[in-house]
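Data first, discussion second: the structure below is written as structure tokens.
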There are 2 protein chains.
Amino acid sequence: MFSKSTEYALRALIYLAQNSSEDHKIGIVELSVAIDSPKSFTAKILQKLTHGNKLISSVTGPSGGFYLTDQAKKKSLLKVLTLLDTEHMISGCILGLSECSEINPCPMHADYAKIKVQLLGMLGQKSLEALAREMNDPKVVINNNNR
Amino acid sequence: MFSKSTEYALRALIYLAQNSSEDHKIGIVELSVAIDSPKSFTAKILQKLTHGNKLISSVTGPSGGFYLTDQAKKKSLLKVLTLLDTEHMISGCILGLSECSEINPCPMHADYAKIKVQLLGMLGQKSLEALAREMNDPKVVINNNNR
DNA sequence: ATAATAAAAGATATATTTGTCTTTTATTGT
DNA sequence: ACAATAAAAGACAAATATATCTTTTATTAT
């Protein structure tokens, strides 16, 4: 469904939403171990979310690291996808047509439109902190270390 | 959502479902123009669906080309995805966990499971010929040539 | 049989994604 | 100020996806 980049980003954000705050920052080593992702690659992805849009906050140096503000934790997954410029994965035409619309729909348009509404609805309503809360349940995981 | 390969495959199959039969085969040139896809690349993709599984039938030489049997036209999109080995795009974990299940779910598992049911339901119930029928409506398109 | 046709197969090229490693810069605690 | 720390930045490498081009093989119509 999503690219590896997007998957790592979402997992990282959920972990940060659960475990970080301004006075408890998370380093890239802890983070990439926690979400089972390649360290340097994950660092690059996080950078995309720290710069202009500043969804993620970061501080260099000792006791530095990444964290989310309370405001950031309230952002929805859909907002994250928008910042990652990957929302079209879902909102685009399922057959890949660039000009698929009500006026000139693809053969799947009507059926997919219904599902799209639900997908976008779920992603738009689901905040990072809500997902972090899910992780209070000990069986809920965000890495592959339960194998 | 899907890769370019999968998109081209689905568009090609829908076109073949609408326009081909054993005594009216479609050449790769006509096909790739009709669905607005790169010719040789599309040919490669079609080959994957002609060999073992033989969803697509093909004949070389004059008056040859690709076509679908009536039986093939009844196959669902889900079946096509399975043959393309790309069903995991939908049935896999939305956060990319390899071991995401009821026992150890990711934080999105429960919400995505509901949507997954609907997506798989739609794809499983939608046949190539049903989609071909959609194309009888002149406003329905399967290429980008309406720009 | 032969020539024409069209898919199959193979080689190669390009672009994008994913991943690693090194150097630089910013910040902090001493 | 200084040393240690951690992210930022940049260069590079590998893998995969996408795309093109050429040669071969199978089939058909003459």
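- Between B:Lys25 atom NZ and C:dT5 atom P the separation is 17 Å, expressed in whole Å.
- The side chain of A:Thr60 has C:dT27 as its nearest neighbour among C:dT18, C:dT27, C:dG29.
- Note: CD (A:Glu22) to P (C:dT28) measures 11 Å, nearest angstrom.
- Distance check: A:Ile26 CD1 to A:Ser58 OG gives 13.5 Å after rounding to the nearest 0.5 Å.
- Taking 4.0 Å as the cutoff to heavy atoms of chain A, we find the contact window on DNA chain D bounded by D:dA4 to D:dA11.
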Sugar-phosphate means primed atoms, P, OP1 and OP2; the rest is base. With that split, encode nucleotides 10-15 of chain C 5' to 3' as B, S or - using protein heavy atoms under 4.0 Å. BB----
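- The shortest non-hydrogen separation linking A:Val141 to B:Asn104 is CG2-O, 3.6 Å.
- In this structure, B:Ile26 reaches the sugar-phosphate backbone alone: every heavy-atom distance under 4.0 Å involves primed, P, OP1 or OP2 atoms, never a base.
- A donor-acceptor contact shorter than 3.5 Å links the side chain of A:Lys116 to the backbone of A:Ser91.
- Under the side chain to side chain donor-acceptor pair (under 3.5 Å) rule, A:Ser98 has a single partner from B:Asp36, B:Asn144, B:Asn143, which is B:Asn144.
- Here the side chain of A:Ser32 pairs a donor or acceptor atom with the backbone of A:Val29 at under 3.5 angstrom.
- Residue-level contact check: B:Ile28 touches the backbone only, with heavy atoms under 4.0 Å from sugar-phosphate atoms and none from bases.
- The backbone N or O of B:Ile56 lies less than 3.5 Å from no partner atom in the side chain of B:Thr50, so there is not a single donor-acceptor pair.
- Rounded to an integer number of Å, the gap from CG of A:Asp36 to C1' of C:dG19 is 14 Å.
- For B:Glu22, the CD atom sits in a loose shell: 12 or fewer heavy atoms of surrounding residues, nucleotides or ligands are nearer than 6.0 Å.
- Here the shortest heavy-atom pairing between A:Glu7 and B:Ile94 reads CG-O, 4.1 Å.
- Counting heavy atoms from C-beta outward, A:Gln18 and A:Asn136 have side chains that approach closer than 4.5 Å.
- Put simply, CD on A:Gln47 is 13 Å from C1' on C:dA26, counting in whole angstrom units.
- The listed nucleotides are C:dT18, C:dA4, C:dG29; the one nearest the side chain of A:Ser63 is C:dG29.
- Residue whose closest nucleotide on DNA chain C sits further toward the 5' end, between A:Tyr8 and A:Pro62: A:Tyr8.
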